[in-house]
Every structure is written in structure tokens, then in C-alpha cells.
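The structure appears below as C-alpha cells.
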Amino acid sequence: MEDNSGFRPSAGNLDDPPNSRVFLVVSKSMTEDMIRERFAEFGDIQDIWVVKDRNTKESKGIAFVKYAKSSQACRAMEEMHGRTLSDSSKPIKVFIAQSRGSTSHREVEDEELTRIFLMIPKTYSEDDIKNRFKEYGPVEYCSIIKNKTTGESKGLAYVRFQKPSHAALAIENCDRSFKAILAEPRSRGSAASEAADYHGPSRQQQQQQQDPLPHEPAGAMYSYGQSDQYDYSLYDKAGDSRGQESVSKRLTVVSRVPLVQDQIYGLFDLIPGLEFCDVQRDMFSSFAYAVVQYQNISSAIYAKYKLHGFEYPPGNRLGVTYLSDGGDGTE
DNA sequence: CGACGGGACGC
DNA sequence: CGACGGGACGC
């Protein structure tokens, strides 16, 4: 459908294969060698490019790393996003880079990277598909497109994985007869409306509700291993565990050690949709207190889920709660 | 005779 | 806040 070869002759392999390049937001002091040192373990690096100011030659704090395969780039994102590399610097950000011709710098959402679309024999059941594809990673669900009236298979199916790297591995390695590709997002709507429909395989997810607020040590934020990608949908409204708190798109953040605006912003901006961040420090204690606001409720829910109890800096657990005022309950 | 292209979700 | 260099192909 899209023919993105054809202009820019010398950049032919930048987006080949698709989604094989990561976009990094790092400290300005991070050199190409330091990046290579940390990112080589995820795959064959074909190119590293630290973007520098034309005149001063100083790094702008962003870089691109091109891998041979999409699965390698995805793993680098999953493992490195949110990590604090050199101490006393902000957590880095790692995204799948937009293709070079793209004018939009919208972040590529994981929703767009975890679902594949494929062709199957009409005799296949959902379980058949799952059994064929679980070798690439845990399968969130499979769905076969069927005739609405007769219920017969149309020979087309979707498979949702938990991690982008698993979807990429499936595309790279499954039998070619499946013609597996990344699925286009089903809905252009909000993340909340998407999440609402992803309740298919709820058994594994329900087990995770036993520990709804994992206290991850300061490391990668996207510890996909626990299938937490859509968990926030489970906390959306319908307050389950400890009484119902009223959610809002505004959060309060408390910290035992003083933090400045940049630090809070850098941390909460790891969750897409951050609108603003306001940090105040209590003059008579060393506590820091901040208000952060997201564009929508589901981003805020996800941010609270991911960052409440998070150690930042290491040893300092943040407290994150909903701010009741100013939060309209719908979005 | 002769052998493979097609492809989108109940909002 | 945080998005695109360098270098040169082969009839």
C-alpha cells in the first residue's frame, strides 16, 4: 500500500525492515560509544547516529540506533526505556523511530506494535493459531474474522502479543504462507476505548491483580514480562481492591527527597500524554510535592500504576495518588 | 495446458 | 521536553 522507497536514494535501508530503528532521548553527554556499549546486546547495530548541533557540534540529547531486525529494535526499547544510565541523569527514553519520511513525530504506540494480521486456512480455530504462534511469546488473544451471519471463517486473523518484540519475531519467523504483517490499529479513538475491548484472555491478567502496584527497582519501565501493558484497563473505574478512589487525569506526587521540575517531568513524561507538571517544595521539610496532568484519564491511570512506589532516585519511593479536584471523570 | 492472489476487526 | 548525518554509485 505505502511505497516509501522512491525518494531519498541514499537512505534506503533506514526503515528496512520497518520498525528496525530506535529513537533515543538521552543525556547530552552520552556519546556514540556509550550508546553502543549499552545497546549492542540487543542485536546487530547497523548504524548509530547522535544528533548534534550543526554549529556547536554538541549533542542535542537524541540519537538513532538502526538494527538489522525489528525484533532487535523492539527489545532494545523494551529493555532500555526508562533506565537511568549514567547516575544523576534523567531516565532515558527509547521508542521505535518514525520512518524517515514521516512528518509526524507522534510516538509509535505499543498497541500498534503488538498485534499482527495474518492469513490462515479456513479450518483453523483460534486455538490452532495460538498453538502455532505461542513459540514467539505469550499470546494475549487470537481472533478470526468470520462471516457475521454464517459464522464461517474468512481465513483472516489477528494475534495479539504482549510485547512488540514478540510480534516482530512472529512476523520475521513464522511460515510465509501466513503473510503476517503488523495489524493497523483498529480504532483511531482514545486509548481508553481500545483498552476496554482487550479483556479476552483475562485469566492471566487477573492473577496479576494480586500485586497491582509492583515496586520495580529503578530499571526499565516497560517490564513487559509481566503483561502489564493493558492492565490499567482493569483499574479503570470499577474500583476493585481498596475501596474506590476517584480517578482523574491529574496526579499528585510526593517524594521524600527534593526533586526539581526536570526530574519529575522527565519521569512522568515516560508515559505518553503528559500535559504539564508543576513541582513545589515544602519550605519546612525536604519533601517535594508535584502535580502532573495528563491529556486523558487512561494515561493518568497508567502513570499511577507504573510509577507509584517507583524508586527515583534509587532508594526513594515515590507516592502517586489521584488529585480529586479538577479531574473530570469522563474522557 | 496448468498452479496462487488475496488482506481488516459488530463503532 | 525530543526527530533526521555521512558519504558515494557502476551502464
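Only this structure's heavy atoms are used, side chains among them; waters, hydrogens and symmetry mates stay out. Order of the sequence lines fixes the chain letters, A, B, ..., with proteins taken first and strands second; residue numbering starts at 1 for each chain.
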DNA chain B contacts made by [range], counting heavy atoms under 4.0 Å:
{"range": "residues 143-150 of chain A", "value": "A:I145, A:K148"}
{"range": "residues 170-181 of chain A", "value": "A:K179, A:I181"}
{"range": "residues 117-129 of chain A", "value": "A:F117, A:L118, A:M119"}

Is it the case that the side chains of A:K304 and A:T321 hold a donor-acceptor pair, with the cut-off being a distance below 3.5 Å and no angle test?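 There is no such pair between these side chains.
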What pairs of donor and acceptor atoms, side-chain ones from residues 48-56 of chain A against any protein atom, are under 3.5 angstrom apart with sequence neighbours left out?
residue, atom, partner, partner atom, Å
A:D53, OD1, A:N55, N, 2.7
A:D53, OD1, A:T56, N, 2.9
A:T56, OG1, A:E58, N, 3.2

Grab the [atom1]-[atom2] distance between [X] and [N] for me, whole Å please.
{"X": "A:F23", "N": "C:dC4", "atom1": "CZ", "atom2": "C1'", "result": "9 Å"}
{"X": "A:L24", "N": "C:dA3", "atom1": "CG", "atom2": "P", "result": "14 Å"}
{"X": "A:K60", "N": "C:dG2", "atom1": "NZ", "atom2": "C1'", "result": "9 Å"}
{"X": "A:R160", "N": "B:dA8", "atom1": "CZ", "atom2": "P", "result": "18 Å"}
{"X": "A:I62", "N": "C:dG5", "atom1": "CD1", "atom2": "P", "result": "10 Å"}
{"X": "A:R100", "N": "C:dC4", "atom1": "CZ", "atom2": "C1'", "result": "4 Å"}
{"X": "A:R115", "N": "B:dA8", "atom1": "CZ", "atom2": "P", "result": "13 Å"}
{"X": "A:I271", "N": "C:dG2", "atom1": "CD1", "atom2": "P", "result": "18 Å"}

5' precedence on DNA chain C between A:V26 and A:D47 (nearest-nucleotide basis): A:V26
By salt bridge (Lys or Arg N to Asp or Glu O under 4.0 Å), which residues pair with [X], not counting sequence neighbours?
{"X": "A:K146", "value": "A:E126"}
{"X": "A:K93", "value": "A:D269"}
{"X": "A:R176", "value": "none"}

Just label B:dC4 as syn or anti from its O4'-C1'-N9-C4 or O4'-C1'-N1-C2 angle, using within 90° of 0 for syn. syn
What nucleotide, of [options], holds the atom closest to the side chain of [X]?
{"X": "A:Y158", "options": "B:dA8, C:dA3, C:dC1", "value": "B:dA8"}
{"X": "A:E184", "options": "B:dC9, C:dC4, C:dC1", "value": "B:dC9"}
{"X": "A:R186", "options": "C:dA3, C:dG2, B:dC11", "value": "B:dC11"}

Could you work out, with side-chain contact (heavy atoms from CB on, under 4.5 Å) as the rule, every residue matching [X], not counting sequence neighbours?
{"X": "A:Q263", "result": "A:L259, A:V260, A:Y312"}
{"X": "A:V26", "result": "A:L24, A:M30, A:I92"}
{"X": "A:D127", "result": "A:S125"}
{"X": "A:E172", "result": "A:K69, A:S70, A:S71, A:A168, A:L169"}

Counting the atoms with a prime plus P, OP1 and OP2 as sugar-phosphate, which does [X] contact under 4.0 Å by heavy atoms, base, sugar-phosphate, or nothing?
{"X": "A:R54", "value": "sugar-phosphate"}
{"X": "A:I48", "value": "base"}
{"X": "A:K93", "value": "base"}

Set out, in order, the CA-CA distance, both residues' side-chain angles and the distance that settles side-chain contact (heavy atoms from CB on, under 4.5 Å) for A:E79 and A:V94, then state yes or no. CA-CA 9 Å; A:E79 300 296 325; A:V94 184; over 6 Å; no
Donor/acceptor link under 3.5 angstrom from A:R21 side chain onto base of C:dC4: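 Indeed there is one.
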Check whether the aromatic ring of A:Y265 stacks on the base of C:dC1, taking stacking as ring centres less than 5.5 Å apart and planes within 30° of each other. no
List for me each residue that meets ring pair (Phe, Tyr, Trp, His ring centres under 6.0 Å) alongside A:Y158, sequence neighbours excluded, and say none if there are none.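 Listed in chain order: A:F117.
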Can you name the nearest heavy-atom pair linking A:Q261 to A:D278, along with the distance? OE1-CA, 4.0 Å
Looking at the rings of A:F178 and A:F133, which for Trp means the six-membered one, are their centres under 6.0 Å apart?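 Judged by ring-centre distance (under 6.0 Å), A:F178 and A:F133 do meet the cut-off.
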